[in-house]
There are 2 protein chains.
Amino acid sequence: MAASNALNTRFDEWRDRGFDANACPVRNVLDRIGDKWTTLILVALAAKPCRFSQLHRNVPDISKRMLTQTLRDLQRDGLITRHVFPTKPPSVEYRLSPLGQSALAPLAGLIDWAEQSFAAIQASRAQFDAGDTSEHLSAA
Amino acid sequence: MAASNALNTRFDEWRDRGFDANACPVRNVLDRIGDKWTTLILVALAAKPCRFSQLHRNVPDISKRMLTQTLRDLQRDGLITRHVFPTKPPSVEYRLSPLGQSALAPLAGLIDWAEQSFAAIQASRAQFDAGDTSEHLSAA
DNA sequence: GATGATTGGTCTATAATAGAGACCATCATT
DNA sequence: AATGATGGTCTCTATTATAGACCAATCATC
């Protein structure tokens, strides 16, 4: 099955297809997964279904505009569903779809890696910013 | 160990810390992993160490400016190393560091998910774009 | 019965970011 | 002496994100 190819053979496949963004799942799908807010929203909804205002309170520094847009994109991709309840001021609830749920496992893998690597990354940044010009000069 | 917490308990932890971007591995680390070019560069380097021009040829639609910047950021985070060979026109080779290598496994998980889910996502998009206003109206 | 608050957004104006492509010095080839 | 490759930087413009005002409806408060 192609899904468990080694990464390097896959890269060659992508390149040979000209990296067409429409045909490349990585560029097509991960561009969205990877944007500034998507992961945060998905993880927030993993905890529990949530209404617009509640999400906005949970993720305090997102603008309404970006929250709307992120939710629309996730809905378009089928990762979340939007449910309108005809209450007096209508309330709108967002939920993870099964497809969205299926994204949580690989996402958790990446989050685990991020947490485990955070210290090392911060150390590396500090060293780099301290002007560590220990350039890796190698013999010709 | 905290690393395998359920996602929802973790989200609450993050929120309780005020989502400080400096303290939150997800926002801090995944923002970089998730940007437009980083994953592509990492996967390209997973195949083999690569020189600047070679990378630029492999990823045809990145500008030199963004390639430079992405490589600098990855170097700063310690995911790749930069090796200067004092050849006549100096050549510069980029390689995955052990830390960068360690990112490949979780990244591959996400890539697998993307490939497996791509068809479903495209179908969902098509339906959404076809103006499928089957709003999920629910009883109050 | 006006005041403010909450609902789920939209709209505009500005700030930050990405991209295109010119440019640079050095050396080898033609 | 012109061409191309090396690994970049720099500037200018186009795209994108953010902040925050605004909106209609409905409710509770004073």
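Every chain is numbered from 1, with letters handed out A, B, ... down the list of sequences.
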- prompt: Hey, is the side chain of A:W37 poking within less than 4.0 Å of OP1 or OP2 on D:dT18, counting only N and O atoms?
  reply: yes

- prompt: Starting at CD1 of A:I62 and ending at C1' of D:dT16, how long is that distance when rounded to a whole Å?
  reply: 14 Å

- prompt: Any salt bridge (Lys or Arg N to Asp or Glu O under 4.0 Å) pairs touching residues 45-54 of chain A, not counting sequence neighbours?
  reply: none

query: Side chains of B:L99 and A:S117: closer than 4.5 Å at any heavy-atom pair?
result: yes

- request: Could you state the atom-to-atom distance from CE of A:M66 to P of D:dA19 in whole Å?
  value: 11 Å

query: Who are the side chain to side chain contact (heavy atoms under 4.5 Å, CB included) partners of A:Q122, not counting sequence neighbours?
result: A:F118

- request: Could you pull out the closest heavy-atom pair between A:R95 and A:P49, with the gap in Å?
  value: CG-CB, 3.6 Å

query: Can you check the A:H56 NE2 to D:dG20 P distance for me, whole Å?
result: 11 Å

Tell me which donor-acceptor pairs under 3.5 Å the side chains of residues 29-47 of chain B have, and how far apart each pair is, sequence neighbours excluded?
| from | atom 1 | to | atom 2 | distance (Å) |
| --- | --- | --- | --- | --- |
| B:R32 | NE | B:D77 | OD2 | 2.9 |
| B:R32 | NH1 | B:D73 | OD2 | 3.1 |
| B:D35 | OD1 | B:W37 | N | 2.9 |
| B:D35 | OD1 | B:T38 | N | 3.0 |
| B:D35 | OD1 | B:T38 | OG1 | 2.8 |
| B:D35 | OD2 | B:T38 | OG1 | 3.2 |
| B:T38 | OG1 | B:R32 | O | 3.0 |
| B:T39 | OG1 | B:I33 | O | 3.0 |

Show the distances under 3.5 angstrom between N or O atoms of the protein and N or O atoms of nucleotides 6-10 of chain D.
| from | atom 1 | to | atom 2 | distance (Å) |
| --- | --- | --- | --- | --- |
| D:dT6 | OP1 | B:R57 | NH2 | 3.4 |
| D:dT6 | OP2 | B:S53 | OG | 3.1 |
| D:dT6 | O5' | B:S53 | OG | 3.3 |
| D:dG7 | OP1 | B:R51 | NE | 3.3 |
| D:dG7 | OP1 | B:V92 | N | 3.2 |
| D:dG7 | OP2 | B:S53 | N | 3.1 |
| D:dG7 | OP2 | B:S53 | OG | 2.3 |
| D:dG8 | OP1 | B:R72 | NH2 | 3.2 |
| D:dG8 | OP1 | B:R82 | NH2 | 2.4 |
| D:dG8 | OP2 | B:R82 | NH2 | 3.4 |
| D:dG8 | OP2 | B:Y94 | OH | 2.8 |
| D:dG8 | N7 | B:K64 | NZ | 2.9 |
| D:dG8 | O6 | B:K64 | NZ | 2.7 |

- prompt: Can you name the nearest heavy-atom pair linking A:S97 to A:G78, along with the distance?
  reply: OG-O, 2.6 Å

task: Under the side chain to side chain contact (heavy atoms under 4.5 Å, CB included) rule, what do B:R72 and B:Q69 come out as? Steps first, then yes or no, please.
output: CA-CA 5 Å; B:R72 284 289 173 283; B:Q69 194 176 113; 5.7 Å; no

query: Listed by chain and number, what are the side chain to side chain donor-acceptor pair (under 3.5 Å) partners of A:S53, not counting sequence neighbours?
result: none

- request: Name the first nucleotide and the last nucleotide along DNA chain C (5' to 3') that come under 4.0 Å of a heavy atom in chain B.
  value: C:dA18 to C:dC27

